[in-house]
Amino acid sequence: MQIKFDHVTADYQLGPIRSANIIQDLDLLLPKHSFTAVIGHTGAGKSSLLKLINGLLLPREGNVVVGDTTITREGNKESLKQVRKKVGMVFQFPEAQLFAQTVEEDIAYGPMNFGLSKEEAIKEAQAAAQLVGLDQDVLKKSPFSLSGGQQRRVAIAGILASNPEVLVLDEPGAGLDPEGKREIMALIKQLHEQKKITTLLVTHDMDDVALYAEDVLVMEKGSVVAHRKVRDFFEQLTESMDWAIELPEARRFQLKIEAKTGRKLPIVCLTIEELTSALIEAELV
Amino acid sequence: MNKLILGRYFPGESWIHQLDPRGKLVAAIYFIGILFFAEGWIGYLLLLGFTLLVMQMSGVSLKIYLRGVRPLIWLILFTVTLQVLFTAGGTIYFDWGPFTVSSYGLINGVFIFLRFVMIIFISTVVTLTTKPIDLTDAIHALLRPLRVVKVPVEDFALMLSIALRFIPNLLDETQKVMDAQRARGTTFGEGTLIQQMKTLVPIVLPLFVGSLKRAEDMADVMEVRGYQSDKPRSSFRQLTWTRYDTVSIIIMLLLTAMLMLVNRIGAYY
Ligand SMILES: Nc1ncnc2c1ncn2[C@@H]1O[C@H](COP(=O)(O)OP(=O)(O)OP(=O)(O)O)[C@@H](O)[C@H]1O
Ligand SMILES: [Mg+2]
């Protein structure tokens, strides 16, 4: 599903007192089935961008078009509900949204809100639980009795259960152990590939960008300052661009090797696999 | 999210910053008290002038103070509207059933508005210019006499400081959980009363769980660091009463005298 921002300006207005613009005249087109990583400094407006996509934050000027639904400043109730059904949103530390008595009920909460009957919703919940790799016997337990990593899975299942066509995620791996994080990221990648879910991922980890995303979006002070293919982006990234972006681990290692040996590898390597084969090809190992 | 200004501290060097927290607290409470004795325009203008002067002296920009009013703006406007609609007397501009918009109502509305805003401003001055920990010390010191009647003043002060510390967190969290549930299709303020109450469960429950978890963590940390509530405690920070504090109390008394005076003059109009 395509997402389009058309001259969007937004702020966190409360009552009659205005605050500064958090998103500033933003134009953006995310094509169908794309996988985009959003990066940028803290406070750049990444989370706000995600909230605009499912109408938790409404544009003050301009509009956001998700598929064939348009979100405007008025925030028509029907279209908001439609958008939220289509766009699954995984917040930072999503386990904070768990509330029900059993894991199953919690996962079924979303689908029921979007109009499924209890039986259908439970069926969706079971499927989603399986998808994120939760055991069957966990379903009847209280979500609060689970470990942090399991809670995270339950929360993500609660969003996948509504079968969203767009998935937006705010640092889904934050606070997990490396293994748990890898599994979650692999799941997201797999969903993107199998179900053709349009994915938008906020992350601070450049290795995530290199490993999982196709496009990268750099935000600064509420604007998009770059939107490119991941490979082009890292190839062109130079010191002069002051985005305080670290290169992926493999690329940093490559630069070190090149400095040490004085030889330049023919390609820019973003993953360990690429680097290994490039090194073998260049007969450096 | 940093909407909530009440309970946040802005470091600074101003005169107001350096006052003894005990004096500052007493003065602020006292000021809020005399607000209710103001009558007529001149009295309100006098107090407003004083409030603005104090805010100016604190060296914190007006914008920050306005942000302190923000979360309460609807409540204030609601109260003011009620006041305007239900006060009769004077010239009547508009009349519809039990509602009237009259000159008395309008004037009263403005007064109520000013009173609200001044209460918020003055409390904000105190919290912005005093470290929460100093504020707790001050409350502790002021309550100390109650120890004679076996009130656990220490525990009370500690509870207060912890509660103050966590109010902004709790508000942030409420916003987050509400957003998360809205993203899962909850619509607030729709349907029958029962349905609306049901939508509260997914908000309140996670907040409870979060708070309990945090309280537990906190208790553990305090225990690990050897906190015991029944031991006599000494203070690391000493509060010192200076000449300036005495001066500020005298200023408050002068302000009271002036207010009485202008009230009297107003009465002769
Ligand atoms: N609920 C809110 N009310 C008022 N201001 C807010 C709110 N949420 C965010 N802001 C402000 O909006 C700006 C952008 O915040 P946002 O959360 O979008 O940044 P971010 O890029 O996601 O940062 P991070 O990397 O730290 O998550 C910040 O200056 C923040 O103070
Ligand atoms: Mg964020």
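Labels below follow one simple rule: chain letters A, B, ... track the order of the sequence lines, proteins then strands, and each chain is numbered from 1. Scope of the values below: all heavy atoms of this structure, side chains included, with no hydrogens, waters or symmetry mates.
A:K51 contributes atom NZ, which lies 5.0 Å from atom CG of B:D179 (distance to the nearest 0.5 angstrom). Atom CD of A:Q101 is separated from atom CG of B:L205 by 9.0 Å, given to the nearest 0.5 angstrom. To the nearest 0.5 Å, atoms CZ (B:R70) and OH (A:Y12) are separated by 11.5 Å. Here CZ of B:R184 is found 9.0 Å from CD1 of A:I107. Values are rounded to the nearest 0.5 Å. Remark: B:Q175 CD to A:L56 CG distance equals 9.5 Å, nearest 0.5 Å. Distance check, rounded to the nearest 0.5 Å: OG1 of B:T199 to CG of A:N113 gives 9.5 Å.
Summarising the local packing, CZ of B:F50 is surrounded by more than 12 heavy atoms from other residues, nucleotides or ligands at distances under 6.0 Å. In the displayed structure, B:Y104 atom OH is contacted under 6.0 Å by at most 12 heavy atoms of other residues, nucleotides or ligands. Within 6.0 Å of NZ in A:K181 there are more than 12 heavy atoms belonging to other residues, nucleotides or ligands. Remark: B:I194 CD1 is loosely packed, at most 12 non-hydrogen atoms of other residues, nucleotides or ligands lying under 6.0 Å away. Counted within 6.0 Å of CZ on B:F86, heavy atoms from surrounding residues, nucleotides or ligands total more than 12; the atom is thus considered enclosed.
Here the closest non-hydrogen pair linking B:R182 and A:R84 is O-CD, 3.2 Å. Contact detail for A:Y109 and B:P202: the closest heavy-atom pair is OH-CG, 3.4 Å. The minimum heavy-atom distance linking A:A96 with B:P206 is given by the pair O-CB, 3.1 Å. Heavy atoms only, all atoms of each residue included: A:F114 and B:A183 are closest at CZ-O, 3.9 Å.
Heavy-atom distances place the side chain of A:K81, and not its backbone, under 4.5 Å from chain B. Proximity to chain B is limited to the backbone of A:L98, based on heavy atoms less than 4.5 angstrom apart.
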Begin from the C-alpha positions of A:F93 and B:K176 and carry the test side-chain contact (heavy atoms from CB on, under 4.5 Å) through to its verdict. CA-CA 10 Å; A:F93 300 108; B:K176 252 192 231 148; over 6 Å; no
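In summary, of the residues considered (B:V201, B:V209, B:V177), a side chain to side chain contact (heavy atoms under 4.5 Å, CB included) with A:F99 occurs for B:V201 alone.
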